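One structure is given here, and the rest of the page talks about it.
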Amino acid sequence: MEFKRDTYCGELRAEDCGRTVTVMGWCHHARDLGGMLFITVRDRSGEVQLFVSDQCTPETRATAAKIRGEFVLAATGEVVMRQAANPDMPTGEVEIAVRELKIISEAQTPPFYIEADSAVNEELRLRYRYLDLRRPDMQQRLRLRHRITQAVNSYLDEQGFWNIETPMLGKSTPEGARDYLVPSRVFPGSWFALPQSPQLYKQLLMVSGVDRYYQIARCFRDEDLRADRQPEFTQIDLEMSFIDEADVRKITEGMLARVVREVKGEAAVPALPFPRMSWLEAMNRFGSDKPDLRFGMEIIDVTDWARATECPLFQHIFAAAAEAPQPRPALIPETAAVKALVVAGGANMSRRELDALANVARTAQAGTLAWLMVEEPLRGSIHKHITAEEFAELRTLTGAADGDLILMLVGAKAPDVLTILGRLRNQLAADRGLIDEDKLNFLWITDFPLLEYDEDEGRWSAAHHPFTSPQSADLDRMETEPGLVRARAYDVVLNGVELGGGSIRIHDPQLQMRMFKRLGFTEEQAKKNFGFLMGAFRYGVPPHGGIALGLDRLVMLMTGSSSLREVIAFPKVQTSADLMQSAPAPVQPKQLAELGITTQSPEMKNPDRKESGHGE
RNA sequence: GGCGCAGUAGUUCAGCCGGUUAGAAUGCCAGCCUGUCACGCUGGAGGUCGAGGGUUCGAGUCCCUUCUGCGUCGCCA
C-alpha cells in the first residue's frame, strides 16, 4: 500500500484514540519481546510508540523484526490507549497499533546514540553534524533560533524597516579585522573581500533615501575563534535616517523585548528603557566595557590610600611612575594605580586559589596582586607593611567586613589594572556561584572613546569604526587631545556579553575627511579606499545611525548555551575548519591557473590529511 | 604566536610505583523471550592505547616531538 504521512509523532494524545494515522520517522529504539515488538519512532515533533502485536500479518512482523536504530520507517495503524502509560513521554498514554509497516531506509549503526544531552566528544558531533542535529535538544535550538529571527523580522517590518540584501563580494578596506579574500578570475591579481559587516552598504542605503533598512546578515572575519566567536556569524543589522541615539535605543529595546517575550514569556520581559552607563563609569566600576551587573563586587580605587602608606610594593610603582614620561591624555590616563576588589567571605581562600588569581595579573603583565584577609591577626601578602591605622582606613574605604578578602592590583597603567580586575571579578563570581543564571540583565554602554592609540602602528585608530561621529562637545580636541574625544557610539550588553553595538554616523563630508586624516590617511588614500562613500556624501546625506546585534550570541544567551557552536547548524572549530566537509581543501591546479594564482608551497596544509573516518 | 586541559573498544570511561593475555558499562551481532519503554536472559565479535621517536630487559604508563579538539591571552574597527 501507499503510505502518506498525516500526523507528527509527538502530537498524539489520548483524545486521538480511534483515529487511524500514518507516521514517518526514525526508529529511536526497538524492543523485540519475541511474540510482540515495540518500536519508538521519532520525528522533529517528538516520539511515539508503535505496537506490533501477534495480530499483525507475518510479513509485518518480519519487517518489524528487521528494524534497527535510525532506520527510517512508515507506519499506519489505529491510535489506542496503552495498557500501562509511560509518564516520561508526552505521547506516553497512547501507542499506534500497527497495521502496515514499511522500512523506507536502512541505517548503519550511528557513531553515537541519538538522544538529548548526549555526552559525546564534540569533535565527533561536528564530524557527524547531520546526526548531531537529529538530537532533540539540537532541534529545539534550531527551532528557537527560527522563532527569534521570525520575531525580529515581524517587529522590524512593523516598525517600517525594509529588508535589503547587500553583496557578499565587495572590497577590502583598511581598518578592522582580517578579511576573507576571494580572487577575481576576470581581473587576475585583484580580490574581492567577504564583508566583515554591511556597514558601508547600509550607510549608502541611507544616502539613497531608504530611511529604515535591516538585514539578518552573514559577516566574515578571519580572526581566531573563541566560544563566543565564529569566523562567519550572523548579525541583525539595521540603519535609520533622521534619528539620534535615543531612537536607535528605543527600536533595539523593543526588538529585544519582543524576542524575550517570544522565547521566555511575558514574565521575563525586561523593564524598558534599559539602564545606561557611560564607558568611563563601566571601566572604573567594573573593569569592563561589557560589565555583568548580575552581581556586585565593584572595583574600588585605593590609589590615594596606597600612596600614603610606606608599603614598598606600592611605593616602588609610584616611584617608577614619577620617572616615566607624562602619559597621553585619555579618558583613563595610563598612570600608576592601585584598585581593589572585596571578596565577601573570601578570607578562607586557599593560597593556591590566590596564586591562581595573581598569576592572571602577572601573565597579563598588568601588575602585582596583593591581598589582605580581614581577620585577627591581620593576614595577607603585605600585612607586615601596613599599620593598624592604615588597615582601618582601608576597611572604611572598601567597606570590607570580617571574613572578607581585599584584593589589590598594583600597576603602572590604570587601564590595564582595571581590565585585569574586571576579569578577576568575573572569574571570582563564576567560581563562587554569585551569578543568578535566571536573570536577564540588559544594559547600554555609552560615550565610548572615539579613538585609541595603536602602539604597534604608532598612530590613532578608530575604536569603533571610521564612520562613527564624534560628540560635538569634544570636536575641537580631535587634533589636540584625540584620546579625550568621545564617540556617539553605544553597545548593548546582556549578562556580561556584548550583544551588539552601533553609532550615529558622520554625515558631513568635511568631518569624514577630517576623521580619515586623524587616522593617518592622506586625501588620496582616503579617496582610493572610500571614494564611493565620499562621492555619495556629495549628493545629500541624511543624518543617520544604526546598530548591529549578534544573532548567534543572542540565541546562545536565550538558550543558556555555553558556546556559539550549539546554536549554529554547521559551525567551524577553533582552527576555522569545517570537520564535516573537511574544509578548507586544496583545489585543482587548473582552478588556480584560471585565477592567476600560484601557491608558495606545494605541501598544502588542510584539515583532511587525517582519514576522517567516514569517507565515501 | 603564548599558556592550560584532553585524546585507551562504535560510544562514555577505568587502568596503581613501568611488569602476566589492556578492563567495565553501554552499543553492536546471534539465539531465546507475548506489555516493553535503560525490556530481560544466554552467547559472541570488537583495541594502531591519536601519531612518530627515545629511555628501559620490558612503555597505555616515563621523556621528546608532532597531530587533533576544547578553554584562554594576543587578535577580533
Side-chain angles (χ1 to χ4, degrees), chain A residues 28-40 47-56 61 68-70 80 82-89 91-92 95 97 108-115 118-128 173-179 196-197 199-200 219-231 233 356 359-360 362-366 419-420 423 427 448-452 454 456 460-468 487 489 498 501-503 515 519 548 550 562-563 565 572-575 577 579 605 607-614:
Chain A
H28 180 64
H29 201 69
R31 293 172 294 279
D32 184 345
L33 273 63
M36 57 172 66
L37 289 103
F38 298 94
I39 297 162
T40 38
E47 295 171 4
V48 72
Q49 175 165 281
L50 306 180
F51 176 44
V52 180
S53 75
D54 53 4
Q55 305 298 306
C56 293
R61 296 173 63 181
R68 297 290 180 268
E70 303 310 316
V80 298
R82 291 202 201 178
Q83 284 186 9
N86 180 350
D88 298 332
M89 280 174 82
T91 63
E95 64 194 358
Q108 285 181 23
T109 303
F112 50 85
Y113 192 46
I114 311 297
E115 62 178 345
S118 139
V120 184
N121 184 318
E122 192 171 5
E123 193 177 343
L124 198 67
R125 288 176 55 198
L126 291 172
R127 216 175 279 289
Y128 296 91
T173 54
E175 305 276 308
R178 195 176 294 116
D179 285 317
Q196 294 177 29
S197 80
Q199 183 61 36
L200 288 167
C219 305
F220 303 87
R221 296 178 190 175
D222 188 3
E223 298 291 348
D224 287 345
L225 278 65
R226 290 287 185 283
D228 63 352
R229 268 166 29 192
Q230 282 273 309
F233 61 100
N359 207 27
V360 172
R362 192 170 47 248
T363 54
Q365 298 188 321
T419 307
I420 295 304
R423 209 179 287 163
Q427 192 185 319
F448 281 83
L450 180 74
L451 299 154
E452 52 198 22
D454 186 328
D456 295 336
W460 290 90
S461 69
H464 187 54
H465 57 51
F467 319 107
T468 297
E498 181 193 329
S503 63
M515 179 70 175
L519 296 174
S562 53
S563 148
R565 295 183 300 277
K572 306 275 194 285
V573 297
Q574 205 164 68
T575 52
L579 295 185
K605 187 170 174 165
D608 201 28
R609 277 174 305 169
K610 196 180 74 173
E611 175 53 47
S612 67
H614 69 302

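In this text the structure is predicted, and so the values were computed from the model without any measurement. Throughout, protein chains are lettered first and strands after them, A, B, ... in sequence-line order, and every chain is numbered starting at 1. Note: hydrogens, waters and symmetry copies are ignored here, and every other heavy atom, side chains too, is used.
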*Arg31(A) vs rU34(B): side-chain N/O to OP1/OP2 distance below 4.0 Å*: no

_Does rC37(B) have its OP1 or OP2 closer than 4.0 Å to a side-chain nitrogen or oxygen of His28(A)?_
no

*asked:* Within the 4.0 Å heavy-atom criterion, would you say Arg178(A) contacts the bases, only the backbone, or no part of the nucleic acid?
replied: nothing

*Side chain of Asn86(A) - closest among rC75(B), rC37(B), rG69(B)*: rC37(B)

_Base of rC76(B), side chain of Arg229(A) - is there a donor-acceptor contact under 3.5 Å?_
yes

*To the nearest Å, how far apart are Asp32(A) CG and rA30(B) C1'?*
13 Å

*Nearest-Å distance, CD (Gln574(A)) to C1' (rG2(B))?*
13 Å

_Could you tell me how far rU42(B) sits from rC5(B) if I compare only their P atoms? Round to whole Å._
44 Å

*Taking a pair as Watson-Crick or G-U wobble with both distances under 3.5 Å, which nucleotide is matched to rC5(B)?*
rG69(B)

*Protein-nucleotide distance (Leu126(A), atom CG; rU68(B), atom C1'), rounded to Å*: 13 Å

_Nearest listed nucleotide, side chain of Asp88(A), among rG35(B), rC37(B), rA38(B)_ = rA38(B)

*Check side-chain hydrogen bond (donor to acceptor under 3.5 Å, both in side chains) between Gln49(A) and all other residues, then give those that pass, not counting sequence neighbours.*
Arg31(A), Glu95(A)

*Within the structure shown, what part of the strands sits under 4.0 Å from Ser197(A) by heavy-atom distance: base, sugar-phosphate, or nothing?*
base

*Expressed in angstrom and rounded to an integer, what is the separation of Leu33(A) atom CG from rG31(B) atom C1'?*
15 Å

*At under 4.0 Å between heavy atoms, which parts of nucleotides 9-14 of chain B does protein reach? Answer with one letter per nucleotide, 5' to 3': B base, S sugar-phosphate only, - none.*
-SSS--

*May I ask you to say what Thr109(A) touches in the nucleic acid, namely base, sugar-phosphate or nothing, with a heavy-atom cut-off under 4.0 Å?*
sugar-phosphate

*Calculate, to the nearest 0.5 Å, the distance between atoms CG and CZ belonging to Leu37(A) and Arg61(A) respectively.*
8.0 Å

_Arg226(A), nearest nucleotide to its side chain (from rU34(B), rG74(B), rC76(B))_ = rG74(B)

*Arg68(A) side-chain N/O to rC29(B) phosphate OP1/OP2 under 4.0 Å*: yes

*Is the backbone N or O of Ser461(A) less than 3.5 Å from a side-chain atom of Glu452(A), with the two atoms forming a donor-acceptor pair by type?*
no

*Rounded to whole angstrom units, what separation is found between the CZ atom of Arg127(A) and the P atom of rG7(B)?*
17 Å

*Whole angstrom value for the distance that separates P of rC3(B) from CG of Asn359(A)*: 13 Å

*RNA chain B: Asp456(A) or Val573(A), which has the more 5' nearest nucleotide?*
Val573(A)

*Rounded to the nearest angstrom, tell me the gap between atom CD1 in Ile420(A) and atom P in rU72(B).*
15 Å

*May I ask you to say what Arg125(A) touches in the nucleic acid, namely base, sugar-phosphate or nothing, with a heavy-atom cut-off under 4.0 Å?*
nothing

*Integer-rounded Å distance: rC76(B) P and Glu175(A) CD*: 10 Å

*Closest listed nucleotide, where the reference is the side chain of Arg423(A) and the choices are rC73(B), rC37(B), rC76(B)*: rC73(B)

*What nucleotide among rU36(B), rG71(B), rG69(B) has an atom nearest to a side-chain atom of Arg565(A)?*
rG71(B)

*Looking at the side chain of Met36(A), which of rC39(B), rA30(B), rG35(B) is the nearest nucleotide?*
rG35(B)

*Which nucleotide in the set rG74(B), rC39(B), rC70(B) lies at the smallest distance from any side-chain heavy atom of Asp224(A)?*
rG74(B)

*Look at Glu122(A) together with Arg565(A) and state whether they make a salt bridge at an N to O cut-off of under 4.0 Å.*
yes

*Could you tell me which nucleotide pairs with rA38(B) by Watson-Crick or G-U wobble geometry, both distances under 3.5 Å, or answer none if nothing does?*
none

*Spacing of the C1' atoms in rU12(B) and rG58(B) (rounded, Å)*: 31 Å

*So, is Thr575(A) near the phosphate of rG69(B), with a side-chain N or O under 4.0 Å from OP1 or OP2?*
yes

*Please tell me which of the listed nucleotides, rC37(B), rU72(B), rG69(B), lies nearest to the side chain of Ala227(A)?*
rU72(B)

*Identify whether any heavy atom of Glu95(A) sits under 4.0 Å from a base atom; if not, whether one sits that close to sugar-phosphate; answer base, sugar-phosphate or nothing.*
base

